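Only one structure is covered here, and it is reproduced in the block below.
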Amino acid sequence: MTTDFHAKYWAHALTLRHAAGSLDSLSRSIASARVDLNPHQVEAALFALRSPLTRGVILADEVGLGKTIEAGLVLAQRWAERKRRLLLVVPATLRKQWQGELESKFGLPCRILDGDVIEKMKRDGVSGAFNLGECVIIVSYHFASARAFDLANAPWDLVVIDEAHRMRNVFQPSSVLARRIVEAIGSSPKLLLTATPLQNSLMELYGLASVIDPRLFGDAASFRDQFVRATDDDVRDRELKERLKPVSIRTLRRQVAEYIPFTMRVPITQDFTPSDEENALYEDVSAWLQKDILLSLPFSQRTLMTLVLRKLLASSTFAIAATLNRLAKGLEDEVEDLLDDEDLEGIDELRDELEEDPPSAEPPAPETAALVTDLRAEIAELRGFVERARRITSNARGDALVGALRVALEGAVALGAARKAVVFTESRRTQAYLAELLTAKGFAGDIVLMNGTNADPASRALLDRWLAARPAGAPAAGSRAVDMKAAIVDEFRDKAAILIATEAAAEGVNLQFCSLVVNYDLPWNPQRIEQRIGRCHRYGQKHDVVVLNFINRRNEADQRVYELLSQKFRLFDGVFGSSDEVLGALESGVDIERRIAAVYQTCRTPAEIRAAFDKLQGELEGQIQARLARTRSVLLENFDDDVSGRFRVNRDKTVEALGERERWLLALSRHELARDADFDRDRPRFTYRGHDAEAGGYNLDWRDAEARSERFFNHVPLAAEWWVRAG
């Protein structure tokens, strides 16, 4: 028998505050998270929370070890402490992924803040760019830089910066974006996340440390004198190590191998040879894009639109036809929106990363008579391209995909993996073509689609079936986009063999039950490719992941792009996360994309293409090669010789703390809900029958809750309501 006194004790224990940075203080956030926590993640979060320097820390775990989870724990803890002015600065392409992770795994309300949201706030009469109420605000680097004044006027409780190696040259006058952001966030507490805090120069380490605390090493000149020009490397390394110890923590994959197994990547290439009609259209549109003046492309957007058109041209004739038709209509009818997500998904993120072309470079306008003649000629040329593209009813790469998929799926089953493949494309129109093609070639009923809208009838019907099949009282997300994505993932996991996905599926989706990734068209941004493969090749994957790529044997540039991505960036083979060090050397994957596009734009012969790619690879070599491997090892790894032992202690203490919390919460719930709920004897769950909250199944074990389609008790208002009543 329990009494009101017992209930009050349990309620008090559950809400009790503990010393900052202690496991007890973090246990509330851990218990409310839908994640399989690993000891190194708990240690990193505790390190950040108990750091004696209030200005912040650097979490520098190698890729695949869960820096997102570590940051989520810190954010959740600050939220629980009612420190809710929280900001995330991330690459534009990762904004939705962060939002999905924090909302689904930690129950943190998040808002992505961009130009469209600002305009809506203005129309609604909301003042202050960052005045969005209590939520985690997520912005891109470029947005943060452009809104530096508003950023500086907001009192932040914590600023998290992802891919923080982008800030490592902040001490250089030319690093304008980084300097603006650092000056704007000022002395706010910071959490920097980067797998590669140091690549080519000790000065990069100085730059990152100065983001945290400019007093840590003094000015750049002093750092150079004391460390860069040091004559005794051992003395220098010891001093640097001691200075960094309070502000940086790094875990390596080999240190956690005893409890995190890592699988391999296995690359497969599939050759294809476009038909004469496909190849001629490609060559002619490519030559058209190389013209100095194109009336259909606004000069201020020439870089962006040329890049998008080249991506569509490389994707399929179906993708490029509709966009060229819109450009022709734009010249005839002055259509304003020449490009949108229907052309290339993720175009808003790409636009956010690319700067507009400078007005000063715009060529003078032609005379009126000449303009009319040029206008008619360009419309006719575009219409000709569209007609030729529409006459092409099949693409050689699509035909090659059919055979490659059959072989790959059979091979997956033979190896004990699921008969499943995710096929990625950048274009929604290419996606529709592939769905129709595969359906006609024997995969009918085996296909599910995922894109940015899923507004087609089949997707709407799938969502309706998914919602209707959920048990009575089972929660939906309340957001159509989130529910739709969950329904598609469930359909792919339980029934379908092939998921054809645009970039929308590469953000915040866990497909670890699939071990075959097909890059139907290959992004030029290596970080995008890593993001695609990472949907399947991630923690929890039980099989080696096969990555299938297509190579156009009639296109020298396409072959060299694959060589660059495969050999220099090491994206397609090796152990989990082997490309991490290479990708971390890049300031921006979009910059690589732009440089590759420049080769396509300026080179006309195979010899010119080979020379341009040789030059590009040579320039990247300095960024890619690991010239300071020894220094990184000495400075950033193994601060504690007994890392594995410490992790084991963390794991045991975490399990013990969570078990105690669960027992307290279950006992409190049994007492307070005795008349309104039926409790299971064998599981920490109950069925609620009361009227103060929505009836249905509630579960204190998030894994069991998901398996039973029940509510996770720690996240629902019912728990908070009864805690308050008991206290």
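Keep in mind it's a predicted model, so treat the numbers as computed, not measured. Side chains are part of it too, since the values below use all heavy atoms of this structure and drop only hydrogens, waters and symmetry mates.
Under the 4.5 Å side-chain criterion, counting only non-hydrogen atoms from C-beta, Thr453 is in contact with Arg428. With contacts defined as side-chain heavy-atom distances shorter than 4.5 Å, the pair Ile249/Val57 does not qualify. Side-chain contact between His165 and Glu163 is present, with at least one heavy-atom pair separated by less than 4.5 Å. Inter-residue side-chain proximity for Arg429 and Ile320 is flagged as unmet; no heavy-atom pair is nearer than 4.5 Å. Looking only at side-chain heavy atoms (C-beta outward), Arg265 and Ile533 come within less than 4.5 Å of each other. Put simply, the side chain of Phe106 reaches to within 4.5 Å of the side chain of Leu73, judged on heavy atoms. Looking at heavy atoms from C-beta onward, Val547 lies in side-chain contact with Asn549 at the 4.5 angstrom threshold. Looking at heavy atoms from C-beta onward, Ile488 lies out of side-chain contact with Trp466 at the 4.5 angstrom threshold.
A donor-acceptor distance shorter than 3.5 angstrom exists from the side chain of Glu278 to the backbone of Ala396, with no hydrogens or angles considered. Side chain of Arg535 to backbone of Leu511: no donor-acceptor contact under 3.5 angstrom is found. The closest donor-acceptor contact from the side chain of Asn395 to the backbone of Gly398 lies at 3.5 Å or more, if one exists at all. Without hydrogens or angle criteria, Asp544 side chain to Met264 main chain gives a donor-acceptor distance under 3.5 Å. The backbone N or O of Asn552 sits less than 3.5 Å from a side-chain atom of Gln559, completing a donor-acceptor pair. Distance alone, capped at 3.5 Å, is enough to place a donor-acceptor pair between the Arg310 side chain and the Ser286 backbone. The backbone N or O of Ala60 sits less than 3.5 Å from a side-chain atom of Arg250, completing a donor-acceptor pair. Of the possible polar contacts, one joining the Gln431 side chain to the Ile500 backbone as a donor-acceptor pair under 3.5 Å is found. Side chain of Glu426 to backbone of Leu522: no donor-acceptor contact under 3.5 angstrom is found.
The two residues Ala178 and Arg166 make their nearest non-hydrogen contact at CB-O, 4.3 Å. The two residues Ile529 and Pro523 have their closest heavy-atom pair at CD1-O, 3.3 Å. Contact between Asn451 and Asn454 at its shortest, heavy atoms only, is OD1-N, 2.5 Å. Of all non-hydrogen atoms in Ile447 and Ala435, the two that sit nearest each other are CD1-O, 3.9 Å. Nearest heavy atom pair, residue Leu208 against residue Leu192, reads O-CD1, 3.7 Å. The minimum heavy-atom distance between Ser315 and Arg397, with the atom names listed, is O-NH2, 3.0 Å.
Within 6.0 Å of CD on Glu608 lie more than 12 heavy atoms contributed by other residues, nucleotides or ligands.
Ring geometry, Tyr433 versus Phe318: the interplanar angle falls under 30°, so the pair is classed parallel (tilted spans 30 to 60°). Using the six-membered ring where Trp is involved, Tyr600 and Phe613 have ring planes that are perpendicular, over 60° apart on the 30 and 60° scheme.
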_Step-by-step side chain to side chain contact (heavy atoms under 4.5 Å, CB included) determination, Leu499 to Cys514_ = CA-CA 10 Å; Leu499 170 65; Cys514 173; over 6 Å; no

*Stepwise, does the salt bridge (charged side-chain N to carboxylate O under 4.0 Å, His left out) test hold for Glu70 with Lys67?*
CA-CA 5 Å; Glu70 295 165 4; Lys67 288 184 293 295; over 6 Å; no

*Is there a salt bridge (charged side-chain N to carboxylate O under 4.0 Å, His left out) between Asp446 and Arg406 once you walk through the steps?*
CA-CA 12 Å; Asp446 261 349; Arg406 288 196 179 111; over 6 Å; no

_Does Thr263 form a side chain to side chain donor-acceptor pair (under 3.5 Å) with His537? I'd like the steps, not just the answer._
CA-CA 8 Å; Thr263 59; His537 196 221; 3.3 Å; yes

_The test is side chain to side chain contact (heavy atoms under 4.5 Å, CB included); show your working for Leu401 and Phe550 and say whether it passes._
CA-CA 9 Å; Leu401 172 67; Phe550 292 84; 3.7 Å; yes

_Lys311 vs Asp521, side chain to side chain contact (heavy atoms under 4.5 Å, CB included): CA-CA, chis, key distance, verdict_ = CA-CA 8 Å; Lys311 284 172 171 287; Asp521 43 31; over 6 Å; no

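For the atom pair Leu405 CG and Lys441 NZ, the distance stands at 13.5 Å (nearest 0.5 Å). Between the CG atom of Leu75 and the CD atom of Glu101 there is a distance of 12.5 Å, given to the nearest 0.5 Å. In this structure, NE2 on His543 lies 12.5 Å from CG on Leu516, to the nearest 0.5 angstrom. Rounding to the nearest 0.5 Å gives a distance of 14.0 Å between CD1 of Ile596 and CD of Gln601. Rounding to the nearest 0.5 Å places CD of Gln512 at 10.5 Å from CZ of Arg493. To the nearest 0.5 Å, atoms OG1 (Thr439) and CG (Leu434) are separated by 10.0 Å.
Legend: residues meeting side chain to side chain contact (heavy atoms under 4.5 Å, CB included) with Ala71, ordered by chain and number and at least two apart, are Trp98, Val160, Leu191, Leu193.
Both cation-pi conditions hold for Lys420 and Phe492: the charged atom is under 6.0 angstrom from the six-membered ring centre and inside a 45 degree cone around its axis.
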